[in-house]
Every structure is written in C-alpha cells, then in structure tokens.
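If you read the sequence from its start, that first residue is 1, and numbering goes on from there. Quick note: numbers below take in every heavy atom, side chains included, and nothing from hydrogens, waters or symmetry partners.
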Amino acid sequence: MTEPAGTGDRVHAGGNAAGIRYGVRVAGIGLLLPAEVPVEYLDGATVYPVPRLPRRVLGLLQVRGHPVPVLAPDAGFEPHVPGLQRMNVVVIGAGAMAGALPVDAPPQPLPELAPAADATFEPPSPAGPLAALLEQPLTARSDSDRDTLWWRFEPARLFEMLARAE
C-alpha cells in the first residue's frame, strides 16, 4: 500500500459551479488558479527526493497512483533536501499532465474579481522565472484582498519553464 500524498483536507480549488475563483500565494505572489483544469490542494503532502533532477524540481509526490513533480517557483527553496519533506502544495492538472507548486497558505476564494486599475502593472520583482509567464492581473473587490494582485498564468508553460530552469 502506498502512502497518501498528504494529510488533511483535499480541496478542489480551481473554481466552482457558482463561478467563484480561487487564488494561492506562491513565494509571496498571488496566483489565480485556472478554472479550466483540475486543481487540488494537499495539506502536508509527502515529497520524495529524487537524485539528479533539475534544480527547481524539489521531488515527486504521488497522487492517486501518478507521480507528480513538485516545482520550486523561486530560488529560495533548498533543492534536493535528503529524505522526505512535507509541504503544502497545489496540484494543477491530472495524471501525466499534472505538476505541483509549494504554496504559502491554502487556496482562498475570490468571489469578485476585476481587472486591475492600472494595466501597466509589472510582475513583482522577486518573481524570478514566474515574471515572464504572469499575465494581466486582477484584483479582488473584498476589503481584505483589495491590495493583492492575482496574476493569471498558463500552467503547462509554467511547469515546462520551471522544469528546464537552471
């Protein structure tokens, strides 16, 4: 029997039937989770180290029998720590097309989104390789998230770029 990917709740986080979207903070950057692909939050996921992986691939986790790479969005993560690691991640996609990102906190609902007032927003400076893939930001209309920019991104491009980054 294999060990489950994580402990705690598994939450589908891309969007729901009511049209509410979700966002996560990844390395301090607000990312708007895609509504068109499966997204799952895993609390305390077990990440298995694998030798000789590219620097930004932290290891693999297992989701329903499929290995899923966990990709580091910035250089602040310690690559290839020996032994098992536990971290909170979002898995984006399914099966062989899935990838995971470590997250700062669980996904949060963003019921009302609007285009950011200034269309010339630049991605945050510590975004590293994420900056090239971030698309037009949105803002939440709730008071608690009014100052957060939620950036759209294309998951397949992000995972490919992170897997190849040096």
Side-chain angles (χ1 to χ4, degrees), residues 5-6 9-43 45 47 54-61 63-64 66 68-77 87-166:
D9 296 330
R10 292 178 182 214
V11 179
H12 179 78
N16 65 21
I20 295 175
R21 298 286 302 273
Y22 289 81
V24 292
R25 294 187 202 294
V26 175
I29 299 166
L31 294 181
L32 183 63
L33 293 171
E36 63 277 1
V37 296
V39 176
E40 185 174 17
Y41 171 73
L42 299 175
D43 180 48
V47 179
R55 183 173 64 90
R56 290 192 185 271
V57 181
L58 298 175
L60 298 174
L61 59 90
V63 179
R64 287 180 280 295
H66 295 279
V68 175
V70 179
L71 301 157
D74 68 10
F77 285 90
M87 60 183 68
N88 300 335
V89 300
V90 289
V91 178
I92 302 173
M97 301 304 293
L101 296 171
V103 296
D104 303 343
Q108 63 185 81
L110 304 170
E112 293 186 47
L113 291 169
D118 184 354
T120 63
F121 282 111
E122 293 293 322
S125 59
L130 282 176
L133 299 175
L134 298 178
E135 300 171 7
Q136 179 189 8
L138 300 174
T139 58
R141 293 191 177 161
S142 68
D143 290 337
S144 63
D145 288 316
R146 190 174 300 278
D147 296 331
T148 300
L149 293 177
W150 296 99
W151 296 87
R152 298 179 200 188
F153 67 102
E154 169 55 44
R157 287 181 55 216
L158 172 65
F159 292 145
E160 181 179 341
M161 187 268 318
L162 288 175
R164 295 175 192 241
E166 290 300 320

Fill in: Derivation and outcome, side chain to side chain contact (heavy atoms under 4.5 Å, CB included), residues L110 and W150
CA-CA 9 Å; L110 304 170; W150 296 99; 3.6 Å; yes

Discussion item. For N88 and Y41: C-alpha separation, side-chain torsions, deciding distance, then whether side chain to side chain contact (heavy atoms under 4.5 Å, CB included) applies.
Written reply: CA-CA 7 Å; N88 300 335; Y41 171 73; 3.4 Å; yes

Worksheet item: Going through the checks in order, is the side chain to side chain contact (heavy atoms under 4.5 Å, CB included) test met by V91 and L42?
Response: CA-CA 8 Å; V91 178; L42 299 175; 3.8 Å; yes

Practice prompt. Show your reasoning for whether side chain to side chain contact (heavy atoms under 4.5 Å, CB included) applies to E40 and V89.
Written response: CA-CA 8 Å; E40 185 174 17; V89 300; over 6 Å; no

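Side-chain contact between V70 and P102: present, with at least one pair of heavy atoms (C-beta onward) separated by less than 4.5 Å. Contact annotation: the side chain of M97 never approaches that of H66 to less than 4.5 Å [non-hydrogen atoms, C-beta and beyond]. When side chains are defined from C-beta on, V24 does not count as touching L101, because their heavy atoms never get closer than 4.5 Å. The shortest distance between side-chain heavy atoms of P34 and F153 falls below 4.5 Å. The shortest distance between side-chain heavy atoms of W151 and L32 does not fall below 4.5 Å.
Atom CG of L33 sits about 10.0 Å away from atom OH of Y22, to the nearest 0.5 Å. The distance from atom CD1 of I29 to atom CG of D104, rounded to the nearest 0.5 Å, is 9.0 Å.
Here the closest non-hydrogen pair linking L61 and A45 is CD2-CB, 4.0 Å. Closest heavy-atom contact between P155 and V37: CG-CG2, 4.5 Å.
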